[in-house]
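Proteins get letters first, then strands, A, B, ... in listed order; numbering begins at 1 in each.
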Amino acid sequence: MFRAVKTDVKFPNQEESILKFWKDNDIYKKSLLLRHGSKPFVFFEGPPTANGLPHPGHCLTRAIKDLFPRYRTMRGYLCNRKAGWDTHGLPVEVEVCKELGIHSKEEIEAFGVEPFIAKCQQSVWRYMREWERVTERLGFWIDLSEAYVTYHQSFVESVWWSLKNLFDRGLLYRGHKIVWWWAQGGTALSSGEVGQGYREVADPSVYVRFPLVDEPNTSLVVWTTTPWTLPSNQFAAVHEGIKYAYCRDPESKDTLIVAADLVQTLGEKIKRELTVLKTVSGSELVGRRYVPPFDYYYSKMGMQLGSLLAGGEQHTQWRVVHADFVTIDSGTGIVHLAPAFGEVDYEVLMAQKAIFAQGQGPGLICAVGPDGKFTSDAPDYQGVWVKDADRPISRSLRERGLLWHQEQYVHDYPFCWRASEDPLIQYPRESWFIRTTAFRDAMLENNSKIGWLPEHIGPGRFGNFLESNVDWALSRERYWGTPLPVWVCQATGKMESIGSYEELLAKPGVQGTEVWLRAKEANPELAEDLKVHKPYIDAVTYQSPFASGARMQRVSEVIDCWYDSGAMPFAQWGYPHTGKEQFESQFPADFISEAIDQTRGWFYSQLAISTMLFGKQPEYPHPFKNCIVLGLMLAEWYESKDGKQRFLTEEDARGALGGDFVQKTGKMSKQLRNYRSPQEIFDRYGADALRWYLFANQAPWNSILYSERAIRDSIPEFMLRLWNVFSFFTIYAEIDGFAGPSEIQGGLDQLDASELARAKTYRPVSDRSELDRWILSELGTTCRDVVGKMDRYDSYGACESLHAFVDALSNWYVRRNRARYWSSDKQDQDKLDAYWTLYECLVVTSKLIAPFTPFLAEALWGQLTSGLAGVRQSVHLCDYPTGDFAASDVLLNERMGLLRQIASLGRSARMDSKLKVRQPLSRVEVTLASDSHIDWLVSHDDIVREELNVKEIHYTSGSSPFVTYSVQPNFRNLGPRVGPLLPKLKAALGAASGAELMDQMSRNGKIVLAIDGKELQLDGQDIQVRLSAKEGWAAAQGKSCVVALNTELTPELIRDGIAKDAIRLIQDLRKRRQCNYTDRIAIKVFTKNSELAQALEANRQLIASETLASNLDVVVLSSESIEVGGSPQCELTELADEQIAIELKVVAGD
RNA sequence: GCGCACGUAGCUCAGUUGGUUAGAGCGCGUCGCUGAUAACGACGAGGUCCGUGGUUCGAAUCCACGCGUGCGCACCA
């Protein structure tokens, strides 16, 4: 038995109770148990950091991450969902520093590394509760209790294992790298941080002469925007393929060498004509020696020679070298190289070093200290901050005649994002790298096999990123992170890597473990996991295998926390120390999803690590097969026009500013607080509303507006419409005592059609009325469509399908069928068919929407199956409907679509002629372009008659007085065949009489035309016929039909219209008097107009039955007033422009 | 500066391998329905498909250039 539900449902409240139901009954666990042993669908959770509050963007990723696992689970897969938390790294340290009111490394050291990391460890859980609440409230089913945590010992050891693997294969190395250095803060910054701080500035740029050693009065001219790097010059670079010109400058005694193509540009710059003396190719310049502008190093090493590996000797530096990156886009085509202060410069140095015998090549020259000030190497500038040295250096060059030209150069330059006055410099720093460049091709190949959504990410953004791969700078000179598991022999400097804590303890002569033990003793609260962290792990040393008596000591660095996240596919299981089985069954992932900012983050770290560790075992792609790359979520807010009041909600703006405000959109910003907390959305509209909005409004990779109004608006168009259908069903099912599946003998499970078919009153679909067959056919089509789309990860398309179905169900099936539910015979088979059909639609729909709006689905399922023994406890324990239970009838769908179109055109025609639907009309003429569906339409004319309230309907596909025909070529067909003749053909067809052409076609089966003397035969497939309504008719036209109304009103039609109006008035009265649906009433109508009375009398039967009136009196009053005795049951109103009074009395309840 | 994406109605977005009348929802306007009822529905107005040029019988769709927006990369000396 069904209980009527209210239409004013409060979704948020309903969701809260469903959350409780899920929790109390362990539904999520059951959904997994149910699929025990099934084919796995593997999902990886990209770990969020829980040391900040979750924001709306996280809701988007979490909603998508929930959708597909739920769907696959219902499709019969086992989808484990292990949560995870990213817990290491600079963001955590920064957060703790803020709390402590410190920020430099010295201050951290002073505070103490030990208490510092203890604070870090605690801080990562600060917002855990909020995260868990948002996760749960959104309906994101994921196993939070089994979450992996990147600081846990097992995770750390797993990372160690992988690093040891790379180390042993020679892929993890220590090297110098040029990093972005914040000199004032004494630390390198990550590329992300650097990217935050770019700003446009004007820097001095100088053109400097480098005189050649072996060619008197001849100089190279180089250009640089960082004069302060000149004292550290080591090479000048040219490109072998570029032509260089020897030129004479009238104001310079030297002959100058610059790129030939730049001679003119440079001449214009200095406003003097440069005369080209000769040109040489770059390769002829390579190897030439020059005198650098400062002799701090040159004076000592200028003559230094080194032995070449290839034999012979060469000067170690201050030579011209070739470099690929040299272009003539700017400067002079000759590049000053200061390897200490530029990454590409540094690479050149390394390459040069490599051609010399060990120890014979050039070293790195660096006249600047880590504090960004010149060292004693450059005594003239010692202690001067590099940027402050630009000016004196230029002056010195000018004084010595080396400065050929100087100008301002405007460009973007990075500054510290936390101290925005401090420019960053590139600076050499020793750090650890992973040789990812050796795997560039492998990563590209692996990438090419990944199913990216949208597709262009693969070859586009991600592929490009891989193409320009550089070795992964792994180490961080910080505190809170996975310690780099490399121990160094204090005597020989030889190193080895350790793959686990146990392995470490098994080393000979281990010492220092007591540091941890003592700390733990002193503070038993300390998490056991901290023992593999700084500073405890640093204390552990062992006997060196490389030199007797020497100790092995860990290097001081921790690693980039992105490595942690990229290692999660195996580290989440502690693999290979533990969890071998889980790893093997849960790798690679079938599906992951994050926003596009993870391209260089988690997507890359995963792919790189996986490719390096596992190669082609298993086959590519791994570690993930499919990835939905989400767009960024944007904020929407309102502000006053003068911009004084900003970041308001729409409501607040309206309240505070009247209508005088503007809507703004932009990036979400924690600082600006330009978005509302997801919790507010949950409380006001519910999680399903948010989910549906996110899924159904655009393809997931588009950026999406987090708009409260849009979220609210997404409710009525789908969820509420479905709920109203459900409510309709329950109202009548209760009235009629429709038993539904409770009458079924034997076991019930998922209420599939086969189970329902066992009910006595359930008839085969083929025996039911056409509308029933139609909606079930649409249902089957929808199931297949949704499944096909979801299998392709097209959630947006699936929502479209679901939306269209709910629309058809609500706005056609239910609307056209209402009368069937009102029939007084409770056992009427047609009525029972209607119930069963609607019931089945609702049951299947609740399953279909379960992954999308899990709460609404659960609410529907719960009430549709209430009291049924044996039925699955939750819709999420059901199998997803695939549509194979009902043969879908494409022809029927098409025909019903046409019928709906005809109804719509009819309404349009009525609108045009201002004839409301309640006024019956005598006749409708429908003219169709083709006769293929006419017989069917004729057999269904009752539907259209009722829908359009007309007495008669007439279909034709032949000539019609309401319609003109025009014939057009079928371009798709004829295009390839007649090509260039098409425009003329089109014109010819247009010029001819449409009716005549159609005549010809029906007589001969073809049309023959001569175009440009060429005869063309067109058959039925080659033309398309268009209809249009002739002027002067109340008609409306669609693509393939025209609907025309006979607008003539006879007295009888007018009477019928009056009756319809009367019915409506009485119904309205019933409602206002709060009659029950089943109450019988007695009606008295008072009027002075006898024609009106006649109209009512003539339709007495109809009015009485429609309004459940057991008595209908029409009283014609002759007196002046129709106000009758002030009876409380009597009401004054208007009917057909006449005043009347209606008295309504309830006679009996049902 | 380079790369990737995007640019379609007032707003948010769809638009299949190019096919000649470009769609949806919201908003707006008009109206209807009234036994789902503080719900619902219909109809309508509204478009130089960013611009220019090209390919083609035919371009929102393909190509080139430009403009604008977003994101990423980058002192390419």
Side-chain angles (χ1 to χ4, degrees), chain A residues 7-8 191 195 198 203 222-226 229 236-237 323 325-327 329-332 334-338 341-345 411-414 423-426 454 456-457 460-462 464-465 468 596-597 599-600 631-632 634 663 667 696-699 701-705 707 709-710 713-714 716-717 720-721 723-729 731-732 735 796 800 803 810-811 814-815 818-819 821-822 903-904 907-908 910-912 914 916-918 968-975 978-986 1026 1036 1039 1063-1064 1067-1068 1070-1071 1075 1077-1078 1106-1108:
Chain A
T7 48
D8 60 339
S191 63
Y198 274 92
D203 273 328
V222 303
W223 175 71
T224 179
T225 54
T226 49
T229 62
F325 58 80
V326 174
T327 66
D329 293 345
S330 58
T332 63
I334 305 175
V335 176
H336 141 68
L337 298 183
F341 309 117
E343 209 174 322
V344 288
D345 309 41
H411 62 161
D412 286 321
Y413 193 88
L424 305 179
I425 59 172
Q426 294 209 318
H456 62 73
I457 296 286
R461 187 170 287 205
F462 196 68
N464 290 342
F465 178 63
S468 59
I596 192 161
D597 56 344
T599 312
R600 288 130 216 281
L632 289 173
L634 302 174
Q663 184 219 19
K667 271 169 72 165
N697 276 279
Q698 66 283 299
W701 44 84
N702 282 329
S703 61
I704 179 167
L705 209 56
S707 153
R709 171 204 279 272
D713 287 345
S714 79
E717 73 191 31
L720 200 55
R721 194 175 288 174
W723 187 263
N724 281 331
V725 172
F726 169 65
S727 161
F728 174 88
F729 171 81
I731 288 168
Y732 291 102
I735 291 170
Y796 175 70
E800 246 180 345
H803 185 258
S810 169
N811 291 331
V814 169
R815 193 154 63 89
R818 276 188 287 204
Y821 302 91
W822 305 335
S904 167
R907 280 189 291 264
S908 171
R910 267 187 177 274
M911 285 287 280
D912 286 346
K914 303 217 181 297
K916 59 187 178 187
V917 180
R918 235 182 284 117
Q968 281 215 327
N970 179 348
F971 294 95
R972 205 185 278 266
N973 256 10
L974 290 171
V978 305
L981 290 181
L982 248 174
K984 287 184 175 168
L985 176 61
K986 180 184 178 186
R1026 292 238 161 87
K1039 283 227 170 189
I1063 291 169
R1064 195 207 122 196
Q1067 300 288 32
D1068 194 42
R1070 278 187 71 115
K1071 187 187 142 203
C1075 293
Y1077 296 141
T1078 49
E1106 287 289 304
T1107 59
L1108 293 186

- prompt: Donor-acceptor pair under 3.5 Å: do we get one between A/R818's side chain and the base of B/U34?
  reply: no

- request: Can you tell me the distance, in whole Å, between the CG atom of A/L720 and the C1' atom of B/A38?
  value: 12 Å

query: Are any non-hydrogen side-chain atoms of A/I457 and A/I596 less than 4.5 angstrom apart?
result: yes

- prompt: Are any of the side-chain heavy atoms of A/R721 and A/N811 separated by less than 4.5 Å?
  reply: yes

- line: Closest to the side chain of A/Y732, out of B/A36, B/C4, B/A42, is B/A36

- prompt: Hey, are the side chains of A/D203 and A/T226 touching, using non-hydrogen atoms and a 4.5 Å cut-off?
  reply: no

query: To the nearest angstrom, how far is A/L634 atom CG from B/C13 atom P?
result: 8 Å

query: Does A/R709 place a side-chain N or O at less than 4.0 Å from the phosphate oxygens OP1/OP2 of B/G27?
result: no

message: Work out how far the P atom of B/G27 is from that of B/A42, and round it to whole angstrom.
response: 14 Å

message: Expressed as a whole number of angstroms, how long is the span from A/E800:CD to B/A24:C1'?
response: 8 Å

message: What's the gap between B/C40 and B/U21 when it is taken at their C1' atoms, as a whole Å value?
response: 31 Å

task: Kindly indicate, with the supporting measurements, whether the criterion ring-ring contact (aromatic ring centres under 6.0 Å, His included) is fulfilled by A/F728 and A/Y821.
output: CA-CA 10 Å; A/F728 174 88; A/Y821 302 91; 5.2 Å; yes

task: With P as the reference atom in both, quote the distance from B/A45 to B/A38 in angstrom, rounded to an integer.
output: 32 Å

RNA chain B: 5'-proximal contact among A/L337 and A/H456 (nearest heavy atom): A/H456

task: Give one of base, sugar-phosphate or nothing for A/K984, where a contact means two heavy atoms less than 4.0 Å apart.
output: nothing

- prompt: So what does A/N697 touch, heavy atoms closer than 4.0 Å: a base, only the sugar-phosphate, or nothing?
  reply: sugar-phosphate

query: So what does A/S908 hit on the nucleic acid, given a heavy-atom distance under 4.0 Å: a base, only sugar-phosphate, or nothing?
result: sugar-phosphate

query: Below 4.0 angstrom from OP1 or OP2 of B/G41, is there any side-chain N or O of A/N811?
result: yes

- prompt: Which is true for A/F729 with a 4.0 Å heavy-atom rule: it touches a base, it touches only sugar-phosphate, or it touches nothing?
  reply: nothing

field: Side-chain heavy-atom pair A/R600, A/F462 within 4.5 angstrom cut-off
entry: no

query: Nearest to the side chain of A/I731 - B/A36, B/C71, B/A5?
result: B/A36

message: Contact between A/T224 and A/T229 at the side-chain level, heavy atoms closer than 4.5 Å - yes or no?
response: yes

- request: Decide yes or no, distance alone: a donor-acceptor N/O pair under 3.5 angstrom between the base of B/C73 and the side-chain of A/R600.
  value: no

Pairing partner (Watson-Crick or G-U wobble, both distances under 3.5 angstrom) of B/G41: B/C31

- prompt: In the strands shown, is B/U16 matched to any nucleotide by a Watson-Crick or G-U wobble pair with both distances under 3.5 Å, and which?
  reply: none

field: Sugar-phosphate, base or nothing in reach of A/R461, heavy atoms under 4.0 Å
entry: base

message: Counting only side-chain nitrogens and oxygens, does A/Q698 get under 4.0 Å of the OP1 or OP2 atom of B/A24?
response: no

- request: Look at all strands and tell whether A/V222 reaches a base, only sugar-phosphate, or nothing, counting heavy atoms closer than 4.0 Å.
  value: nothing

message: Under 3.5 Å for both donor-acceptor distances, Watson-Crick or wobble: does B/C71 have a partner, and if so which one?
response: B/G3

query: For A/S468, which contact category applies under a 4.0 Å heavy-atom criterion: base, sugar-phosphate, or nothing?
result: nothing

- request: With the side chain of A/N724 defined as its heavy atoms from C-beta on, choose the nearest nucleotide among B/U17, B/C57, B/A36.
  value: B/A36

query: Which part of the nucleic acid, if any, lies within reach of A/T226 when heavy atoms closer than 4.0 Å are counted: base, sugar-phosphate only, or nothing?
result: base

message: From the set B/G35, B/G44, B/C13, return the single nucleotide nearest to any side-chain atom of A/Y796.
response: B/C13

query: Taking for each residue the nucleotide of RNA chain B with the nearest heavy atom, is it A/N970 or A/R721 whose nucleotide lies nearer the 5' end?
result: A/N970

task: For the side chain of A/R1064, starting at C-beta, report the closest nucleotide among B/A36, B/A39, B/U34.
output: B/U34

